[in-house]
There are 2 protein chains.
Amino acid sequence: MSKKKQDLVDHAESLFYNHGIHAIGLKRIVTEANVALMTMYNHFESKEDLVLEVLKQREDRYFDLLRSHVNTSDNQALAIARAHSEWLRSSRQNGCMFLRAKEEYSDPTHPINTYVVAHKEALLAFVKKENFNHEDAMRLVLLLEGATSLAEVVDVDEVATQLQSMVTTTIGE
Amino acid sequence: MSKKKQDLVDHAESLFYNHGIHAIGLKRIVTEANVALMTMYNHFESKEDLVLEVLKQREDRYFDLLRSHVNTSDNQALAIARAHSEWLRSSRQNGCMFLRAKEEYSDPTHPINTYVVAHKEALLAFVKKENFNHEDAMRLVLLLEGATSLAEVVDVDEVATQLQSMVTTTIGE
DNA sequence: TTAAAAATATAATGATCGTTCTATTTATCA
DNA sequence: TGATAAATAGAACGATCATTATATTTTTAA
């Protein structure tokens, strides 16, 4: 991935996350990324294509973070809760970018929509892989999503504390 | 509220919820509501003003639903969970419209942003009023928000079942 | 029936949208 | 150095955006 292309993805992710996809024009992205508009169309077929690349890179970063915590802990539920807390703390509190992308492209046949659904199914599969049954996996993800939302209106550290506490008492080890 | 004005609010709410605020133009709203564009500007100062009215009416409906359940139950936590489940089941699964509006207008000084923050604070206050301490109120709202998000990718009935189960075991009676 | 109010159709504003085209410049590397 | 590739600036496309102006019609009530 060339430096210019990566600059585009990084600035697009930040702007999309802070303001939404429809709210941000390509001109704003290329300007802040110090890239020509034609360079963007040289690297991506369309705005939708850029959105998908943003989601793909964000997904990779999220699962890498989960894996790094799970691999160095013997309490997998708590490890996931701690990783998610770290994820929340590391960015502005503006909700889950994947769900927000899905909400903006609510047509279930749209590539962005199907990508997000697959991402959340991958998250459930990730949890199940750590020896949680279907019900516990659902409950754990519900707690993660709840923390993401609540952190939009309540101090993220307080939310993280409650999340880890609830995960410990709710999810069977 | 005149019939035309109410038609505008109803169609705006549906379109905003399904596609997002920035994604929907006023022309689309007035066309589907069978109202002239100038009639919309006769009733509302701007698109932002229309959005605020949509949120206000939606908030009234939500709290009315919560109250009706709480007033006819002696288990207030479960009553709130059941009311929220009914709320989720009664519409498309596209997340929390309040948080989504806040995410689209992420400037903390924007009227839409401050309205949503006040709404979530009102929700926390509503829960506390039912004899829950600060910590339990936060936990209950975290579960509600988690259910709203999870229902976007998992069958809403299954989510509602887990929500009520988790509330029962998590929130002190 | 008549006066006031509400709603209408249409067009224009200036701005921005995603996308495409052309032509020129810069960077890479043999 | 010279050839190839990457990035650039700038304009144009048709479309849509929120908003305002004008003028006409419809509805409501006295």
Side-chain angles (χ1 to χ4, degrees), chain A residues 1-56 100-107 109-113 115, chain B residues 1-56 100-107 109-113 115:
Chain A
M1 172 108 36
S2 78
K3 182 185 180 307
K4 289 285 182 182
K5 186 174 185 181
Q6 190 61 53
D7 284 349
L8 280 171
V9 173
D10 291 343
H11 285 84
E13 177 174 356
S14 171
L15 287 167
F16 287 155
Y17 182 71
N18 285 331
H19 305 284
I21 299 169
H22 284 108
I24 293 295
L26 295 175
K27 220 147 213 172
R28 176 94 182 269
I29 297 173
V30 299
T31 297
E32 300 204 3
N34 258 14
V35 168
L37 180 59
M38 277 315 295
T39 303
M40 128 84 198
Y41 275 104
N42 181 35
H43 286 299
F44 301 97
E45 283 191 353
S46 61
K47 182 183 186 182
E48 169 189 320
D49 191 28
L50 171 60
V51 172
L52 286 169
E53 179 62 27
V54 165
L55 294 181
K56 179 179 169 347
R100 287 176 55 200
K102 177 177 180 289
E103 291 152 359
E104 289 203 54
Y105 297 87
S106 62
D107 174 2
T109 69
H110 194 285
I112 293 177
N113 190 296
Y115 186 93
Chain B
M1 172 111 34
S2 79
K3 183 185 180 305
K4 289 284 181 183
K5 185 173 184 180
Q6 189 61 54
D7 284 349
L8 280 171
V9 174
D10 292 342
H11 284 84
E13 177 174 359
S14 171
L15 287 166
F16 287 154
Y17 183 70
N18 285 332
H19 304 285
I21 298 170
H22 285 107
I24 294 296
L26 294 175
K27 220 148 212 174
R28 175 95 183 267
I29 297 173
V30 299
T31 298
E32 300 204 4
N34 258 14
V35 168
L37 179 60
M38 278 313 297
T39 302
M40 129 83 197
Y41 275 104
N42 180 35
H43 286 299
F44 301 97
E45 283 191 354
S46 61
K47 183 184 185 181
E48 168 188 320
D49 191 28
L50 172 61
V51 172
L52 286 169
E53 179 62 28
V54 164
L55 294 180
K56 178 179 169 347
R100 287 176 55 202
K102 176 176 180 292
E103 290 151 1
E104 289 203 54
Y105 297 88
S106 62
D107 173 2
T109 70
H110 193 287
I112 293 177
N113 191 296
Y115 186 94

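In what follows, chains carry the letters A, B, and so on, assigned in the order in which the sequence lines appear, proteins first and then strands, with residues in each chain numbered from 1.
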Just verifying a value: how many Å separate B/T31 OG1 and B/H11 NE2, rounded to the nearest 0.5 Å?
10.5 Å

Position toward the 5' end of DNA chain C (nearest nucleotide), A/I24 or B/K5
B/K5

side-chain contact (heavy atoms from CB on, under 4.5 Å), paired with B/L50, selected from B/M40, B/E13, B/K5
B/M40

Output the rounded distance in Å from [atom1] ([X]) to [atom2] ([N]).
X	N	atom1	atom2	result
A/M40	D/dT8	CE	P	13 Å
A/D7	D/dT8	CG	P	10 Å
B/L26	D/dT19	CG	P	6 Å
A/K27	D/dA12	NZ	C1'	10 Å
A/Y41	D/dC13	OH	C1'	12 Å
A/D49	C/dT19	CG	C1'	14 Å
B/K3	D/dT28	NZ	P	11 Å
A/I29	C/dT19	CD1	P	11 Å

Nearest listed nucleotide, side chain of [X], among [options]:
X	options	value
B/T39	C/dC21, C/dA7, D/dT20	C/dA7
B/L37	C/dA11, D/dA18, C/dT19	C/dA11
A/S2	D/dA7, D/dT8, C/dA9	D/dA7

Checking the side chain of A/H110 only, and the main-chain atoms of A/Y105 only, is there a donor and an acceptor separated by less than 3.5 Å?
no

B/I21 backbone acceptor or donor facing B/E104 side chain under 3.5 Å
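Yes; at least one donor-acceptor contact below 3.5 Å.
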
So, is [X] near the phosphate of [N], with a side-chain N or O under 4.0 Å from OP1 or OP2?
X	N	value
B/N42	C/dA6	no
A/K47	C/dG18	yes
A/K4	C/dA27	no

A/D7 vs A/N34 side-chain heavy atoms within contact, under 4.5 Å:
no

Pick the nucleotide of DNA chain D nearest each of B/R28 and A/H43; which residue has the one closer to the 5' end?
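Looking at DNA chain D, the more 5' nearest nucleotide goes with A/H43.
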
